[in-house]
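Let me begin by presenting the structure, written as structure tokens, before commenting on it.
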Amino acid sequence: MHFKIDVRLDPTLGCGQAHRWRKQPDDSWQGVIGKDVLTLYQTPDGFDCEGCTDMAAVRSYFRAEDNLPAIIREISVADPQIAALSAACPGLRLLRQPEWECLATYVLATNVNVKRIAKMVESVCDHFGTDLGARRAFPTPRQILDGGSCIGECRLGFREGRFMELAQRIDSGDFNIRSPERLPYEELTARLQDLKGVGPKVADCVALFGYGRLEAFPVDVRIADEMKKRYGVTGNYQKIAAVGRERFGRYAGYAQEFLYHSGSIGAQ
DNA sequence: GGGTACCCTCTCGG
DNA sequence: ACCGAGAGGGTAC
């Protein structure tokens, strides 16, 4: 199945916003969207996809409705640095990840390097997720609770308790994963931070990658470093994140991705 | 509001 | 080669 989307798979799937994509020896990308194990092959105007049974789900995942050139134009017009970075990294798109999967994976993404995040996520899938053949689905809260006795094998460290409590609160309905969908940004991130293991940074990541709040501007150590080097912005989390949102506006999340990616190639 | 400990794994310098 | 120290998408206390 062919998808005509303005996207480059390497920066989009390899930049660390989602953690289940693997680059194959033949340069294709394998990952899981819903119940499909997909293999994606880059083409000039998009990608070919093997294993897809739900075209709409894939288009949604890649935020096909986002007009990338228009977005880049908007965040570049008042900022030469973003203009240069986005020009140097064409086809980098934000993804729309399932809310639960996004929340659960970013709770694991504290005080570890990106490589190990992917390892923990894959371990959780391998232990609890539905078998889809080559890979397993991201487990539901119920699946995690049912198999909870072997959670130790996933080697989540001090994140284990937070992860299990999260599964418990979602499964019991104590926290309805869909109820914050219509909340404004500020209320959404505040609500998410009621959960153990969710601080301001994780809340922003979930708001951006899970709930599609493109105005969110997550600040990790790398972004903090870039904001200091490029704009002289320092301070606590709230300060730096607020500057990012104010400076880049409704598409601050895209600006954040370009800044983050620039760190990985040591550019500019 | 600022300072620390935190499970565990991988990496690096001796 | 083998080992110990350090760092790693932050958060809770």
Side-chain angles (χ1 to χ4, degrees), chain A residues 11-22 85 89 92 94-97 99 101-127 138 144 148 150-169 175 188-211 213-214 216-230 233-245 252-266:
Chain A
T12 299
L13 301 177
C15 69
Q17 60 175 317
H19 299 96
R20 295 210 65 198
W21 293 94
R22 297 176 179 170
L85 291 175
C89 187
L92 170 57
L94 284 171
L95 301 171
R96 178 186 285 107
Q97 302 176 40
E99 291 155 353
E101 177 175 342
C102 186
L103 175 59
T105 61
Y106 275 93
V107 162
L108 299 179
T110 65
N111 194 221
V112 284
N113 53 46
V114 178
K115 197 170 171 183
R116 196 154 93 83
I117 296 171
K119 251 188 166 173
M120 289 189 290
V121 170
E122 206 61 22
S123 179
V124 163
C125 293
D126 287 340
H127 277 85
F138 193 87
I144 293 167
C150 62
I151 186 67
E153 296 173 14
C154 295
R155 320 304 295 173
L156 305 183
F158 66 81
R159 303 160 199 79
E160 181 183 301
R162 300 171 179 176
F163 188 76
M164 294 305 289
E165 182 178 322
L166 181 65
Q168 173 60 41
R169 290 195 64 182
F175 188 100
L188 168 62
T189 51
R191 183 98 176 79
L192 289 170
Q193 286 176 78
D194 290 340
L195 298 163
K196 198 168 292 180
V198 180
K201 190 272 180 180
V202 170
D204 272 334
C205 284
V206 177
L208 179 59
F209 303 130
Y211 289 87
R213 303 309 167 88
L214 303 188
F217 190 82
V219 178
D220 56 36
V221 289
R222 227 153 120 172
I223 293 299
D225 185 46
E226 294 294 330
M227 290 298 282
K228 181 181 180 183
K229 283 196 316 192
R230 295 173 180 279
V233 175
T234 58
N236 62 20
Y237 187 96
Q238 294 306 334
K239 167 100 179 290
I240 302 174
V243 169
R245 291 196 301 276
Y254 266 97
Q256 190 265 9
E257 279 308 290
F258 289 118
L259 284 169
Y260 185 83
H261 189 266
S262 78
S264 68
I265 57 180

- request: Please tell me which of A:K196 and A:N113 maps to the more 5' nucleotide of DNA chain C, matching each residue to the nucleotide holding its nearest heavy atom.
  value: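 Checking each residue's closest nucleotide, the 5'-ward one belongs to A:N113.
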
Rounding to an integer number of Å, can you tell me how far [X] [atom1] sits from [N] [atom2]?
X      : N      : atom1 : atom2 : answer
A:K239 : B:dG2  : NZ    : C1'   : 16 Å
A:I117 : C:dG8  : CD1   : P     : 12 Å
A:Q193 : C:dC13 : CD    : P     : 14 Å
A:M120 : B:dC10 : CE    : P     : 11 Å
A:I223 : C:dG10 : CD1   : P     : 11 Å

How far apart are the closest heavy atoms of [X] and [Y], and which atoms are they?
X      : Y      : value
A:T12  : A:L92  : OG1-CA, 3.6 Å
A:M164 : A:G148 : CE-CA, 3.8 Å
A:T189 : A:A207 : CG2-CB, 4.0 Å

query: Do the charged groups of A:K201 and A:D204 touch, with an N to O distance under 4.0 Å?
result: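 Salt bridge flag = no for A:D204 with A:K201.
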
query: Hey, is A:R20 close enough to A:E101 for a salt bridge, meaning N to O under 4.0 Å?
result: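 Salt bridge absent between A:R20 and A:E101.
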
Listing time: all N or O pairs from protein to nucleotides 3-7 of chain B that are below 3.5 Å?
residue: B:dC7; atom: O4'; partner: A:F158; partner atom: N; Å: 3.1
residue: B:dC7; atom: O2; partner: A:R159; partner atom: NH1; Å: 2.8
residue: B:dC7; atom: N3; partner: A:R159; partner atom: NH2; Å: 3.4
residue: B:dC7; atom: N4; partner: A:N111; partner atom: OD1; Å: 2.9

- request: Name the closest nucleotide to the A:K115 side chain, picking from C:dA12, B:dT11, C:dG10.
  value: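 Between C:dA12, B:dT11, C:dG10, the one nearest the side chain of A:K115 would be B:dT11.
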
message: Please determine whether a side-chain nitrogen or oxygen atom of A:K119 lies at a distance below 4.0 Å from atom OP1 or OP2 of B:dC8.
response: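 Checking A:K119 against B:dC8: no side-chain N or O falls below 4.0 Å of OP1 or OP2.
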
NA contact type, [X], heavy-atom cut-off 4.0 Å: base, sugar-phosphate, or nothing?
X      : answer
A:P200 : sugar-phosphate
A:Q17  : base
A:V219 : nothing
A:L208 : nothing
A:Y106 : base

State, yes or no, whether a side-chain contact exists between [X] and [Y] at a heavy-atom distance under 4.5 Å.
X      : Y      : answer
A:L259 : A:M227 : yes
A:Q256 : A:P218 : yes
A:E257 : A:C89  : no

Under the ring-ring contact (aromatic ring centres under 6.0 Å, His included) test, residues paired with A:Y106 that sit two or more places apart: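 With neighbours one apart ignored, the set is A:H19, A:F209.
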
task: Could you tell me whether a side-chain N or O of A:R159 sits under 3.5 Å from a main-chain N or O of A:L156, the two making a donor and an acceptor?
output: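 Confirmed, A:R159 side chain pairs with A:L156 backbone.
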
message: Could you tell me how far C:dA5 sits from B:dA5 if I compare only their P atoms? Round to whole Å.
response: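 B:dA5 and C:dA5 have their P atoms separated by 16 Å.
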
Euclidean distance for P, B:dT4 against C:dG6 (whole angstrom):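 Each nucleotide's P atom is 15 Å from the other's.
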
- prompt: Quick one: stems for DNA chain C, with Watson-Crick or G-U pairs under 3.5 Å, at least three in a row?
  reply: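 DNA chain C stems, ordered by first number: B:3-6 with C:10-13, B:8-14 with C:2-8.
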
